[in-house]
Structure formats: structure tokens, C-alpha cells
Amino acid sequence: NEQKALTELSQHGLYPTEWGGDTEVVRISGLTGQGVDNLLETLLLTAELQNYRTAVDIAADGICLESFRDEGRGPMAWCMVRRGTLKIGDTLLCGPAYGYVRAMYNDRGQEVKEAGPSTPVKVAGLSDVPGAGHHFFAVDDLDLAREVAEERRQKGRFDMLSRRGGPKSLEDFFAERDGTLRELPLIIKADTQGSIEAIKHELQKFEHPEVRIRMLHEAVGGVNESDVYLAASAGAIIIAFHVIPDDNAVNL
């Protein structure tokens with residue numbers, strides 16, 4: 001429904017050029033390829049008319065779009081370079097993760113040595129799986145990157161543990177109905193950040209007169225001991241999507 005889409009855009013202050021506004025609208029289909037050439041042409045023309053430019057010969061920064069844990073290569077992050085040029089061997093700080101860029105892959109799975117502005121690349125070499133939306137920065141000092149990453153992790157742990165409860169199972173939770181509005185804390189572990197966002201989006205639609213859901217913690221990867229200890233201390237339920245717990249977590 002094109003008119004509905006245009007109307008909703010205008011409600012956010014984005015007025016299409018065909019309605020007299022200054023927002024270019026291109027109708028495309030990823031399925032048939034319709035309009036893709038028009039999209040590329042419009043992007044180039046808009047960049048030229050608006051004189052959009054960015055620096056290339058500086059340390060790279062950008063945004064993590066998606067992340068996951070690869071069985072053979074460890075934490076992987078899809079990153080979009082915003083400014084500068086990201087190169088193999090660069091020291092990277094991304095949210096609570098840090099490390100050297102060991103390898104980069106383009107959208108075709110081919111290994112590349114560097115990535116300039118507006119280039120999406122899959123990066124290997126980080127210490128942990130960063131979150132989608134975290135900004136990354138190429139820095140000179142690995143020790144500084146490690147220190148900042150650790151501070152961010154500690155802050156995240158403090159925020160998670162700031163509200164504690166008693167350990168309980170899902171059965172215990174439902175057995176305690178007393179007619180009042182109660183809070184159900186959840187810990188979500190999933191295979192990718194995209195899966196987490198999708199699950200959170202669906203859970204946010206949940207409305208119930210007696211229960212309110214609270215996201216206590218979410219992360220990419222299997223369920224580990226820390227997740228179980230956190231769940232026990234906060235009275236939370238762990239949801240594992242397309243991941244399995246490690247042996248120690250199972251025993252706990």
C-alpha cells in the first residue's frame with residue numbers, strides 16, 4: 001500500500017518529493033530487482049547535489065549492524081564503516097568488546113584487506129560479541145581499548161544486578177498468583193543479535209493484567225554459568241533460542 005507508506009513517512013516529517021517535499025522515494029523490489037538501478041542512481045545524484053563527503057585517511061569508526069558467535073572463528077560482527085578506512089590489524093573497540101581485526105569479509109564472503117566509508121564488512125578478532133547498534137572505533141592503544149571495554153562490562157553487570165530477587169523456576173512464578181501486577185525478569189540468549197531483537201519485539205507486544213515482562217539481560221551465545229547465577233540472584237527465567245547451555249550451566 002504505497003499511499004499508506006507515504007502517509008506514514010509524512011507523519012514523521014519526511015515529505016516525498018512527489019508531494020512537494022524534499023525526501024526522495026524509490027520503489028524497489030529485492031525479489032524482482034525492480035527499481036534497484038533507480039535507487040543507485042538516486043543515491044549518487046543526491047550525494048552529488050548535497051555534496052555528501054567523508055574523510056577516508058583517518059582512523060575508522062562506524063556501527064555494528066549484527067553479531068554472532070562462529071564455531072570456528074569466535075565472535076563475529078557485521079560492521080558498517082562510517083568514516084575512515086578499517087584495515088586488517090587495526091585495534092578495535094566496539095561496546096564491551098575489543099581486539100585486533102584478524103580478518104574481514106565482504107557481503108559475498110570474500111576476504112578483504114581494508115574497508116572504506118559505507119562499506120559493510122564481517123569482522124573477526126573481537127574478544128566478545130558486541131551488541132547491534134554499538135559504535136566501533138579504531139584506536140591506537142590495545143590496553144586503552146581493553147580498559148574501556150572492561151569498564152563498560154562492569155557497568156553493564158552493575159545495571160543488571162541493581163535489582164535483585166530470589167531464585168525461582170517458571171513453575172514457582174505461576175504458582176504465586178495473588179491478583180496483583182507482578183514482574184517477570186527474563187534473560188535471553190540467542191544465536192544472533194537479530195534474533196534477540198525479534199524476540200524482544202514480540203515480547204514487548206505482550207500485555208497481561210497480572211504480569212509485566214522485564215528484560216534483565218540479553219546476549220549472543222550459549223547459556224553459561226554467569227547467566228545461571230544472574231537468573232538465580234534475580235529470580236529470572238532464561239530463554240535460549242537456537243543455542244545450547246554449556247555443561248557447567250546444565251549442572252547448575
Side-chain angles (χ1 to χ4, degrees), residues 55 58-70 73-104 115 120-165 185-197 199-200 214-236 238-240 243 245-246 248-249 252:
I58 61 172
D61 71 78
I63 293 177
C64 173
L65 304 175
E66 175 65 290
S67 58
F68 60 97
R69 189 178 295 275
D70 186 273
R73 292 178 288 196
M76 304 287 289
W78 273 108
C79 295
M80 176 71 79
V81 180
R82 189 170 71 99
R83 296 180 303 182
T85 302
L86 186 63
K87 301 174 183 176
I88 297 288
D90 281 354
T91 301
L92 216 58
L93 172 66
C94 184
Y98 69 94
Y100 292 115
V101 178
R102 286 204 316 265
M104 291 192 297
V121 284
K122 186 166 57 176
V123 176
L126 293 175
S127 60
D128 206 347
V129 179
H134 281 161
H135 287 255
F136 74 80
F137 303 90
V139 296
D140 296 329
D141 191 343
L142 179 64
D143 291 334
L144 175 62
R146 183 187 294 112
E147 183 180 330
V148 173
E150 183 59 32
E151 285 179 3
R152 291 175 175 177
R153 274 197 295 271
Q154 292 292 348
K155 184 179 184 302
R157 291 192 192 103
F158 176 80
D159 291 342
M160 282 191 295
L161 295 171
S162 58
R163 297 173 66 184
R164 303 168 70 94
L186 296 179
I187 294 171
I188 301 176
K189 299 301 290 283
D191 54 347
T192 70
Q193 193 69 34
S195 297
I196 292 174
E197 294 301 324
I199 292 170
K200 286 173 60 180
R214 176 167 67 93
M215 304 298 174
L216 184 66
H217 174 58
E218 66 265 357
V220 173
V223 181
N224 56 38
E225 286 182 87
S226 298
D227 299 320
V228 180
Y229 284 127
L230 176 61
S233 66
I238 301 173
I239 297 177
V243 294
D246 61 34
N248 291 335
L252 284 171

For [Y], does its backbone N or O pair with a side-chain atom of [X] as donor and acceptor, under 3.5 Å?
| X | Y | result |
| --- | --- | --- |
| D141 | D143 | yes |
| E66 | Q193 | yes |
| K189 | A219 | no |
| S67 | P130 | yes |
| R152 | G95 | yes |

Student check: side-chain heavy atoms of [X] and [Y] closer than 4.5 Å:
| X | Y | value |
| --- | --- | --- |
| Y100 | I88 | no |
| K87 | V101 | no |
| V139 | L144 | no |
| Y98 | V148 | no |
| P96 | H134 | yes |
| R69 | D128 | yes |

Looking at every heavy atom in both [X] and [Y], which two are closest together, and how far apart are they?
| X | Y | result |
| --- | --- | --- |
| M104 | A115 | CE-N, 4.1 Å |
| I196 | A190 | CG1-CB, 3.6 Å |
| C64 | C94 | CB-SG, 3.9 Å |
| L86 | A60 | N-CB, 3.6 Å |
| I187 | D227 | CD1-O, 3.6 Å |
| A138 | D90 | CB-OD2, 4.3 Å |

Atom pair [atom1]/[atom2] of [X] and [Y] - distance to nearest 0.5 Å:
| X | Y | atom1 | atom2 | value |
| --- | --- | --- | --- | --- |
| N224 | N248 | CG | CG | 9.5 Å |
| L93 | F136 | CG | CZ | 11.0 Å |
| I199 | I239 | CD1 | CD1 | 7.0 Å |
| K200 | E218 | NZ | CD | 4.0 Å |
| F137 | R83 | CZ | CZ | 8.0 Å |

Partner residues of S195 under the side chain to side chain donor-acceptor pair (under 3.5 Å) criterion, sequence neighbours left out: D191, T192
